[in-house]
**Q** 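Here you go, one structure.
In this chain, numbering begins with 1 at the start of the sequence shown.
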Amino acid sequence: MNLVGRLKSHYSRVIDIPDAPQKIARGSAIGLALDFLPLPLISIPIAYLIARLAGGNGLAAALTAAFFKWAVPFFYVLNMIVGGLMLGYNDFDSVEQVKEIFYQSQVGWLEKFSLLGYPFMLGAFINAILAYAIFYLVLRKVLQLRQKRRRTTKQV
């Protein structure tokens with residue numbers, strides 16, 4: 001199955017969860033936001049727990065965190081770029097730096113993130129907050145419109 005097919009499948013699984021639109025949107029946004037942070041593989045159960053604690057849907061959080069694992073390398077590069085821009089770095093060799101650290105070095109994953117430093121962590125937090133806000137607002141609106149459309153078709 002190609003990426004578009006997987007996206008449609010994931011979308012239909014999340015959108016069909018029987019819960020309030022705000023809870024589903026909150027859970028999904030938490031799942032996506034955690035993929036920007038350096039939490040390899042453990043972000044799925046952490047997303048579930050944080051979503052439950054925040055009053056969101058844990059299943060939506062876990063499904064979204066698991067689905068967007070394919071995009072984590074892109075998120076990490078974006079973290080370096082955003083963090084570098086915020087700290088005033090003018091070189092865009094950050095893409096090469098991420099590639100070298102993650103694909104060529106033989107150190108553990110915790111050491112890899114410490115080698116990336118402040119630009120990566122600042123970019124990760126900024127991108128996570130922005131991704132959460134945008135994804136939450138868009139998905140909540142889509143779910144509310146879908147719920148409204150279903151109510152009007154049932155009345156007719």
Side-chain angles (χ1 to χ4, degrees), residues 1-17 19-89 91-140 142-143:
M1 185 184 287
N2 61 7
L3 183 61
V4 175
R6 288 182 183 187
L7 186 60
K8 286 180 183 178
S9 173
H10 170 73
Y11 171 78
S12 63
R13 267 198 288 180
V14 170
I15 206 133
D16 289 335
I17 295 173
D19 207 348
Q22 293 83 1
K23 288 185 174 188
I24 296 171
R26 188 176 299 132
S28 291
I30 288 170
L32 176 64
L34 285 180
D35 278 342
F36 282 94
L37 301 176
L39 303 169
L41 297 177
I42 61 171
S43 68
I44 298 168
I46 289 175
Y48 178 84
L49 292 173
I50 290 174
R52 297 290 301 198
L53 291 173
N57 188 290
L59 179 60
L63 285 173
T64 304
F67 176 76
F68 281 104
K69 286 298 175 207
W70 64 269
V72 167
F74 302 110
F75 293 165
Y76 286 178
V77 170
L78 185 63
N79 290 345
M80 285 297 293
I81 292 170
V82 169
L85 287 173
M86 295 302 292
L87 291 176
Y89 295 155
D91 64 358
F92 283 96
D93 294 332
S94 57
V95 175
E96 288 298 319
Q97 182 184 4
V98 171
K99 181 182 169 191
E100 285 177 25
I101 290 173
F102 277 92
Y103 296 113
Q104 295 173 357
S105 65
Q106 299 298 320
V107 296
W109 67 272
L110 190 59
E111 291 85 17
K112 288 179 183 182
F113 290 115
S114 67
L115 290 173
L116 292 174
Y118 294 117
F120 177 80
M121 292 307 293
L122 178 63
F125 286 114
I126 290 171
N127 289 335
I129 291 168
L130 287 174
Y132 174 85
I134 293 168
F135 200 68
Y136 173 77
L137 292 172
V138 169
L139 187 58
R140 187 186 70 185
V142 166
L143 288 167

**Q** Give, for atom CZ of Phe125 and atom CG of Leu130, the distance between the pair rounded to the nearest 0.5 Å.
**A**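 Phe125 CZ to Leu130 CG: 13.5 Å, rounded to 0.5 Å.
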**Q** Indicate yes or no: at least one non-hydrogen side-chain atom of Phe75 is less than 4.5 angstrom from one of Leu32.
**A**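 Yes, their side chains come closer than 4.5 Å.
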**Q** Donor-acceptor pair, distance only, cut-off 3.5 Å: does the side chain of Asn79 make one with the backbone of Phe36?
**A**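 Present.
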**Q** Atom CD1 in Ile30, atom CZ in Phe135: separation rounded to 0.5 Å?
**A**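 Reported value, rounded in 0.5 Å steps: 12.0 Å.
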**Q** Kindly give the heavy-atom pair with the smallest separation between Ser28 and Ala60, and that separation in Å.
**A**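 Heavy-atom minimum between the residues: OG-CB, 3.5 Å.
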**Q** Quick one: sort the Tyr136 and Tyr132 rings into parallel, tilted or perpendicular, breaks at 30° and 60°.
**A**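 Because their plane-to-plane angle is under 30°, the rings of Tyr136 and Tyr132 count as parallel.
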**Q** Between CG of Leu49 and CD1 of Ile44, what distance do you get to the nearest 0.5 Å?
**A**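 The CD1 atom of Ile44 is 12.5 Å from CG of Leu49, to the nearest 0.5 Å.
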**Q** How would you list, by chain and number, every residue that makes a side chain to side chain contact (heavy atoms under 4.5 Å, CB included) with Ala133, sequence neighbours excluded?
**A**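 With sequence neighbours excluded, Ala133 shows a side chain to side chain contact (heavy atoms under 4.5 Å, CB included) to no residue whatsoever.
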**Q** For the atom pair OG1 (Thr64) and CG (Asn57), what is the distance rounded to the nearest 0.5 Å?
**A**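 One finds 9.0 Å between OG1 of Thr64 and CG of Asn57.
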**Q** Provide the closest heavy-atom pair for Gly55 versus Lys23 in the form atom of the first, atom of the second, distance.
**A**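 Answer, listing the atom of Gly55 first, then Lys23: O-CG, 3.3 Å.
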**Q** Do Pro119 and Met86 have side-chain heavy atoms sitting under 4.5 Å apart?
**A**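 With C-beta onward as the side chain, the pair stays apart.
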**Q** Determine the minimum heavy-atom distance between Ala65 and Ala47, stating which atoms define it.
**A**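 Smallest interatomic distance, heavy atoms only, reads CB-CB, 4.1 Å.
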**Q** Could you tell me if the side chain of Met80 sits less than 4.5 Å from the side chain of Val77, heavy atoms only?
**A**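 Counting from C-beta outward, Val77 and Met80 never come under 4.5 Å.
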**Q** Test side chain to side chain contact (heavy atoms under 4.5 Å, CB included) on Leu37 and Ser43 and set out the steps.
**A** CA-CA 8 Å; Leu37 301 176; Ser43 68; over 6 Å; no
**Q** Would you compute the distance between atom CZ of Arg26 and atom CG of Asp19 and round it to the nearest 0.5 angstrom?
**A**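 Here the interatomic distance stands at 10.0 Å.
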**Q** To the nearest 0.5 Å, what is the distance between CD1 (Ile24) and CD1 (Ile17)?
**A**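 The distance works out to 5.5 Å.
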